[in-house]
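Residue numbers begin at 1 in each chain, while the letters A, B, ... track the order of the sequences.
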Protein chains: 4
Amino acid sequence: MTKFEKIQEAALRLFTEDGFDATPTSRIAKEAGVATGTLFHHFSSKDELINALYIAVKERMIERIARGVTADQSLRDRLRQVWVNSISWGLDFPAEYRFFRQYSGSRYINDKAKEEGEAYLQFLFDLLQEGADDGVLKSTDASFLYAIGSGLVMEVIQYLLTRGKPENQDAIWETGWRSFWDALRAREA
Amino acid sequence: MTKFEKIQEAALRLFTEDGFDATPTSRIAKEAGVATGTLFHHFSSKDELINALYIAVKERMIERIARGVTADQSLRDRLRQVWVNSISWGLDFPAEYRFFRQYSGSRYINDKAKEEGEAYLQFLFDLLQEGADDGVLKSTDASFLYAIGSGLVMEVIQYLLTRGKPENQDAIWETGWRSFWDALRAREA
Amino acid sequence: MTKFEKIQEAALRLFTEDGFDATPTSRIAKEAGVATGTLFHHFSSKDELINALYIAVKERMIERIARGVTADQSLRDRLRQVWVNSISWGLDFPAEYRFFRQYSGSRYINDKAKEEGEAYLQFLFDLLQEGADDGVLKSTDASFLYAIGSGLVMEVIQYLLTRGKPENQDAIWETGWRSFWDALRAREA
Amino acid sequence: MTKFEKIQEAALRLFTEDGFDATPTSRIAKEAGVATGTLFHHFSSKDELINALYIAVKERMIERIARGVTADQSLRDRLRQVWVNSISWGLDFPAEYRFFRQYSGSRYINDKAKEEGEAYLQFLFDLLQEGADDGVLKSTDASFLYAIGSGLVMEVIQYLLTRGKPENQDAIWETGWRSFWDALRAREA
DNA sequence: CATGAATGAGATTTCATTCAT
DNA sequence: TATGAATGAAATCTCATTCAT
C-alpha cells in the first residue's frame, strides 16, 4: 500500500470514528505511519483530503449501486436491484456510509467535489425520470423522488447498523423495500 | 430579552450558519452582546450550551408536532396531522430544523440530553405501535416505522427549504404526504 | 508597564536584533513574559504588531525631529535643527532606527500604516517646499529633496552607529551637515 | 540556458518580488523548471544561493560602474562617470538593484561574500581617497565619503524607479548629480 | 547530474475556559 | 451577575533539506 493510500485509509477510519473536526491531521499522519509533512505533500490541505476522500467514496459507492442493473429489466426490477445494492453497500462498508452522512452536513463540502460526485448519479436520475414520465412513479420531478428514495435508503442502513438485531435483518430488509417501493410508485388504479 | 436568551438566540443562529466547531464561544458572546465570561456564567461549557439548546428546540418541536392530534381521530388522520405539523414546523423554524440535523450527527450529543429529548416523542411511538398492533402499518416494530417516517419528514423539509419552488409547494406537500403514508401503511388487501 | 507595552518593547528589541522573519511570535511572548495567546489578544496578527510598532516609532521620531524648529528661524537654521534632531534621534534610539530601516524594505508594510506614518512628516515637506519655492534649494520637487535628505540622514546615522570612532564623532557630525546642506541648497550665484 | 543559470535567474526574480523569506526554495525550483533536489545539487543551501547571487550581481554592477573611467580624467569627471554609470545600472537592472538593497539589510549576509563583494569596490575607495588627500573632497575619510555617495546614488535610483515621471527624468538625473557632487566636494574657497 | 517523495521541527493563530475585579 | 484580559495547549500548514532511484 502506498503512503498515499495509507493516508486515505487512516483518514477515512478516523473521520468516521471521531468526526472531521475532532480528527487532527497530526493523528491521521501518525496512524498512517507517515510524517505530517507527507500528508500535506499529497493533499494540499485538510479540506482537500476530505473532498478527495468524498469523491473516491462516491465513486466506489456508485459502482456498487449500479451493479447488475440492466436495460432489459422492468423499472421495478431495476429499482429493486438499486435498493438491494444500496443497503448491502451500507452494511459492507459502514465507514464509507458514515463518512458520507457526515460529509453532506459538513462545512467542508466543496462545490466542485459535490458536483463531480453528483455526476456519477446521473443514471439514477434517468431511471427515476423514466418512471416519472411513464406515470409509474408518484411525481414528475426526479429530484424529489431521489430525495425521498435516498432518504429512505440512508435511514434503513442507519437502522440496520445501529439497532438491527441479526434475527430481524431479513424482515427489515424486506419491509424496507416495500416502504421504498410504495413511497415511490404511483398508486394503483 | 434576558442575556440568557440572547445567548441562546445567537448560538442557535451561528451554529446553524457555520456549524458547532466553526462557531467559537467568543463569537456567540459578541453577537449576543455580552462578555465571554457571561456566557460561561450561564452555561458551564460549550457542550452544555449545545445540549441545553437541543432540549429547548426539541421541546418546542414536539409541542408543535402534537398540536391538534386527538384521540378521536383515525390513525390515518392522526398521522396526517403529525405530517402537516412536522413539515410546517420545519418551514417556520428552519434554523431549529438545521440545528437538529446537525446535532444528530455530532459528537456533542450528550446521552442524558438525547434520552430526555426522546422522552418527548413517546406519544409518537405509541401512535405507531398502535398502528402496528392493528395491522394497519407495515411493521411490528415501532422504532423502525419511526426511523422511516422521520427520515421522510426530514428529507421533505430539506427539499422544500433548499429546492422547492413556491409554485410547487402544494404539490410537494401532497406528494410527500402520500409517500409518507404509503411507506408506512400495510398494503391494502 | 502593562502587558501591552511589554509586548511592544520585546518585539521592538527582537525585531531589530534578528529581523522580522527570524523572530517568532512565541519568542516575543516569552521575552515579554506573557502567554502566546496574550500577544494575539492585543495584536490580531504578527502583521498588525509590526505595523502598530511602526506607527508608534514614527510618532516618537517625528516628535523628536520637529523639536525646537520654529517659524522665526531662517530656512537654513530650521534644516540645521532638523539635521541635528535626526542624527541624535538615531544615536539615542538605535533600535528604533534599525526597526525603521527594516520596515521600509519589508513585505510587512501596510499601506494604511505607511500613509498614517507619512502624514506626520507633512511639516518636513512643507519646509522643503518653501525652500524650493524661494529658490534656496536645488529642486522644485519637495519629494525629491526629501528623498535625498532622508537618504543622507539615514546613511550618516548608520555610519555613526557602525563605524564611527568616538574621536571622530564631532567631525562626522559636522561634515555630514555640510554635505546635507550642500546637497540640498541651490548653488550660490 | 543551463539549469544552473535558470535557477539563478528565477531566484533573482522571486527574491526581488517577494523577499528572501517569502520565497521558498521549492518555488524557485518550480519557476526555474527544475526539481527541488536539483537546486540543492547546485547550491548547497539557500544561504549559499543568496550569497552566490550577491557576488554575481555585485560583479556585474562593478563592471558597469567602472566603465569608461580612465586615469587621464579629472577627479570630477571620473566621479561624474561613476554617477552616470551607477544610475543607469539601476535603471537598466532594477531587479539587481532591489536584490542589493534587500541583501544589505538581511540576515543572510555572509561575511566572506561581503568582503569579496567589497574588494571589487576598491577602485572607488581609491578614487575617493585621492580626492580626500588632494583636499578636493570634504573629508579625509574615504569610507565616510563612500557612505554618503552610495547613499545618494541608491536613493536617486529608488526615486527614479518608483516615482520619477518620464518627463522629469533628465532634470532629476542632473539635479541628482549636482547634489552628489556638492555633497562630496570641499567648498570652494 | 537530476529527480521528487519524504521528513519533522517549527511558525502562526485559535479558542474554551478561568478569575480578579 | 457581569466583565474581559489572560492563558497555553493544540491545530493546520510550511519549508529547507535529504536520499534512494
I'd like to know if the side chain of C:Asn51 and the backbone of C:Asn110 have a donor-acceptor N/O pair within less than 3.5 Å.
yes
request  = Output, in order, the C-alpha distance, side-chain angles, deciding distance and verdict of side chain to side chain contact (heavy atoms under 4.5 Å, CB included) for C:Glu17 and C:Thr23.
outcome  = CA-CA 9 Å; C:Glu17 278 168 15; C:Thr23 304; over 6 Å; no
Note: contacts of residues 100-114 of chain C with DNA chain E (heavy atom, under 4.0 Å) are none
Residues at least two apart in sequence or cross-chain that pass salt bridge (Lys or Arg N to Asp or Glu O under 4.0 Å) with B:Asp47, listed by chain then number, are none
**Prompt:** Donor-acceptor pair, A:Lys46 side chain versus A:Phe20 backbone, under 3.5 Å?
**Reply:** yes
With both pairing distances under 3.5 angstrom for Watson-Crick or G-U wobble, and | for a partner in another strand, the correct string for DNA chain E is .||||||||||||||||||||
Contacts of A:Glu48 meeting salt bridge (Lys or Arg N to Asp or Glu O under 4.0 Å) (sequence neighbours excluded), chain-then-number -> none
For B:Thr162, the side-chain contact (heavy atoms from CB on, under 4.5 Å) test, sequence neighbours excluded, returns B:Gln158
With rounding to the closest Å, how many angstrom separate the P atoms on F:dT21 and E:dC1?
23 Å
Give every pair of a protein N or O atom and an N or O atom of nucleotides 8-12 of chain F that lie under 3.5 Å apart, one pair per line with the distance.
{"from": "F:dG8", "atom 1": "N7", "to": "C:Gly37", "atom 2": "N", "distance (Å)": "3.1"}
{"from": "F:dA9", "atom 1": "N6", "to": "C:Thr36", "atom 2": "OG1", "distance (Å)": "3.2"}
{"from": "F:dT12", "atom 1": "OP1", "to": "A:Lys46", "atom 2": "NZ", "distance (Å)": "2.7"}
{"from": "F:dT12", "atom 1": "OP2", "to": "A:Thr25", "atom 2": "N", "distance (Å)": "2.8"}
{"from": "F:dT12", "atom 1": "OP2", "to": "A:Thr25", "atom 2": "OG1", "distance (Å)": "3.0"}

5'-most contact on DNA chain F (nearest-nucleotide basis), D:Ala22 vs B:Leu39, goes to B:Leu39
Distance-only donor-acceptor pairs under 3.5 Å for side chains of residues 27-38 of chain A, two or more places apart:
{"from": "A:Arg27", "atom 1": "NH2", "to": "A:Asp18", "atom 2": "OD2", "distance (Å)": "2.5"}
{"from": "A:Glu31", "atom 1": "OE1", "to": "A:Arg13", "atom 2": "NH1", "distance (Å)": "3.0"}

From NZ of B:Lys6 across to C1' of F:dA2 the rounded distance in Å is 12 Å
In terms of heavy-atom contacts, A:Leu53 and A:Ala11 come closest through CD2-CB, 3.7 Å
Between CD1 of B:Ile28 and P of F:dT3 the distance, given in whole Å, is 16 Å
Applied to residues 95-114 of chain A, the salt bridge (charged side-chain N to carboxylate O under 4.0 Å, His left out) test, sequence neighbours excluded, yields A:Asp21-A:Arg107, A:Arg60-A:Glu96, A:Arg101-A:Glu155
Contacts of D:Tyr103 meeting ring pair (Phe, Tyr, Trp, His ring centres under 6.0 Å) (sequence neighbours excluded), chain-then-number -> D:Tyr54
Separation between CD1 (A:Ile7) and CZ (A:Phe43), nearest 0.5 Å, reads 6.0 Å
Across all chains, not counting sequence neighbours, the salt bridge (Lys or Arg N to Asp or Glu O under 4.0 Å) partners of C:Glu63 are C:Arg67
D:Tyr120 meets the ring pair (Phe, Tyr, Trp, His ring centres under 6.0 Å) criterion, sequence neighbours left out, with none
Contact span of DNA chain E against chain D, any nucleotide atom under 4.0 Å from a heavy atom, 5' to 3', runs E:dC1 to E:dA5
Assert: residue with more 5' nearest nucleotide on DNA chain E, out of A:Phe4 and B:Ser44, is A:Phe4
